[in-house]
Q: 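Below is the structure I would like to discuss, written out as structure tokens.
Residue indices begin at 1 and follow the sequence shown.
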Amino acid sequence: MYETIRQSFLTDGSNLAGVRHIILVLSGKGGVGKSTISTQIALALRHAGKKVGILDVDLCGPSIPRMLNAHGQDVHQCDSGWVPVYVDQEKSISLMSIGFLLERPDDAIVWRGPKKNAMIKQFVGDVAWGDLDFLIVDTPPGTSDEHITTMDALRPFNPMGAVVVTTPQAVSIGDVRRELTFCKKMGLPVVGIVENMSGFVCPHCTECTNVFSKGGGEELARHAGVPFLGCVPLDPLLTQSLEQGKDFIKEFPKSAAYSSITSIAQQILDGVTQGS
């Protein structure tokens, strides 16, 4: 991995010139399902006819390659830099993650801040995305060095904004409130808030039980004056799809989570249309 990093290309950021819209997926809390929301938004946008890239800057927990059944793939280089891994034959979803650069899947990233920041800058500048309708940037939890570096690197390309993910509990809501403050300080618009794990859908009767309470994300959005994009329930079919690297949007169009995710993606598309 380290040899690959040393051989990377230094570019002027032109690799992002063909990207129309950049969305960061953020949360002040770990374990709320940012990577799940990132992958499902990407899949929903793809099924809406869009070409999508996913940039995984969660350096210490690169889970998206597994979620998209792309783990074990190799990253190649071209004249413009790193070629992202395509997760489908149509090349409608491309992915870059440090998970592709690890010599072994169980290798840990034990880096101090400066090395992490350098890696993120290389990811932003050195990946040859080509033409994309959307680039989804999956981030680690918090508001630390990685987030500041990501924002500084992406600022010249005018990101569309942030999708902020929370779960219904008060502890999560409090941390996500700090993430909204981060967005304000960084001048990053908030596309909206998603409440993930909002109830459990029974696989037998499809009844939804509010295991972690409900409504915290919507209340936070109302209080902060930002859009509420919707609730995504705990759905065993979604969990199964993520574990097996399947396309949930294609496989389970009748599930409860399907309608929630596609609604979120449609609101993003509507926001693009209104802003154009």
Q: Hey, mind stepping through Val272 and Phe134 against side-chain contact (heavy atoms from CB on, under 4.5 Å) and telling me if it holds?
A: CA-CA 10 Å; Val272 168; Phe134 290 92; 3.7 Å; yes
Q: Tell me the closest heavy-atom pair linking Ile54 and Ala42, and the distance in Å.
A: CD1-CB, 3.6 Å
Q: Are any of the side-chain heavy atoms of Cys60 and Pro140 separated by less than 4.5 Å?
A: no
Q: Using atom types as modelled and distance alone, determine if a side-chain donor or acceptor of Ser255 lies under 3.5 Å from a backbone N or O of Tyr258.
A: yes
Q: Rounded to the nearest 0.5 Å, what's the gap from CZ on Phe252 to CD on Gln240? Could you check?
A: 4.5 Å
Q: Would you say the side chain of Pro65 lies within less than 4.5 Å of the side chain of Gln73, judging by non-hydrogen atoms?
A: no
Q: Knowing that exactly one of Asp56, Val137, Thr150, Leu59 qualifies, which makes a side-chain contact (heavy atoms from CB on, under 4.5 Å) with Phe123?
A: Leu59
Q: Under 3.5 Å, side chain of Thr139 to main-chain N/O of Val25, donor-acceptor pair present?
A: yes
Q: Ignoring hydrogens and geometry, is there a side-chain-to-backbone donor-acceptor pair from His147 to Ser144 under 3.5 Å?
A: yes
Q: Are Phe248 and Thr39 side-chain neighbours, meaning at least one heavy-atom pair lies under 4.5 Å?
A: no
Q: Are Val165 and Val232 side-chain neighbours, meaning at least one heavy-atom pair lies under 4.5 Å?
A: no
Q: With distance as the sole test, does Arg155 use its side chain to make a donor-acceptor pair with the main-chain N or O of Met186 at under 3.5 Å?
A: yes
Q: I'd like to know if Asp133 pairs up with Lys51 as an ion pair, taking the criterion as any Lys NZ or Arg NE/NH1/NH2 lying under 4.0 Å from an Asp or Glu carboxylate oxygen.
A: no
Q: With a sphere of 6.0 Å drawn around CD of Glu207, does it hold more than 12 non-hydrogen atoms of other residues, nucleotides or ligands?
A: no
Q: Looking at OG1 of Thr36 and CG of Asp138, how far apart are the two atoms once the value is rounded to the nearest 0.5 Å?
A: 9.0 Å
Q: Apply side-chain contact (heavy atoms from CB on, under 4.5 Å) to the pair Leu24 and Leu154, showing each step before the final yes or no.
A: CA-CA 10 Å; Leu24 289 84; Leu154 292 174; 4.1 Å; yes
Q: About how many Å separate CD1 of Ile109 and CD1 of Ile98, when rounded to the nearest 0.5 Å?
A: 3.5 Å
Q: Can you find a heavy atom in the side chain of Thr149 that is under 4.5 Å from one in the side chain of Glu146?
A: no
Q: Is there a donor-acceptor contact under 3.5 Å from the side chain of Asp88 to the main chain of Ile93?
A: yes
Q: Considering all heavy atoms of both residues, which atom of Val32 and which atom of Asn196 are nearest to each other, and what is their separation?
A: O-ND2, 2.8 Å
Q: Find the distance between OG (Ser94) and CG (Leu135) and round it off to the nearest 0.5 Å.
A: 8.0 Å
Q: Glu218 vs Arg222, test: side-chain contact (heavy atoms from CB on, under 4.5 Å). Steps then yes/no.
A: CA-CA 6 Å; Glu218 187 171 8; Arg222 185 164 47 247; 4.0 Å; yes
Q: So which atom in Phe100 and which in Ala70 form the shortest heavy-atom distance, rounded to 0.1 Å?
A: CE2-O, 3.2 Å
Q: Any idea which heavy atoms bring Val176 and Ser27 closest together, and the distance?
A: CG2-OG, 3.7 Å
Q: Go through Asp247 and Arg46 one step at a time and tell me if the salt bridge (Lys or Arg N to Asp or Glu O under 4.0 Å) criterion holds.
A: CA-CA 11 Å; Asp247 184 343; Arg46 170 218 181 182; 3.0 Å; yes
Q: Among Val163, Ile193, Val164, find the residue that satisfies the side-chain contact (heavy atoms from CB on, under 4.5 Å) test when tested with Leu229.
A: Val163
Q: Do the side chains of Gln267 and Val191 get nearer than 4.5 Å, heavy atoms only?
A: no
Q: Do any N or O atoms from the side chain of Ser172 and from the backbone of Pro168 form a donor-acceptor pair under 3.5 angstrom?
A: no
Q: Minimum heavy-atom separation for Ala153 to Pro156, with atom names?
A: O-CD, 3.4 Å
Q: Where do Glu195 and Leu220 land on the side-chain contact (heavy atoms from CB on, under 4.5 Å) test, with the steps shown first?
A: CA-CA 10 Å; Glu195 183 177 292; Leu220 175 61; over 6 Å; no
Q: For the pair Asn15 (side chain) and Gly125 (backbone), establish whether a donor and an acceptor sit closer than 3.5 Å, ignoring hydrogens and angles.
A: yes
Q: State the OG-NZ distance between Ser241 and Lys250, to the nearest 0.5 angstrom.
A: 12.0 Å
Q: Does Val85 reach the side chain of Leu68, with side-chain heavy atoms less than 4.5 Å apart?
A: no
Q: Could you grab the distance from atom CG of Leu238 to atom CE of Met197, nearest 0.5 Å is fine?
A: 10.0 Å
Q: Can you tell if the side chain of Leu26 reaches within under 4.5 Å of the side chain of Leu188, non-hydrogen atoms only?
A: yes
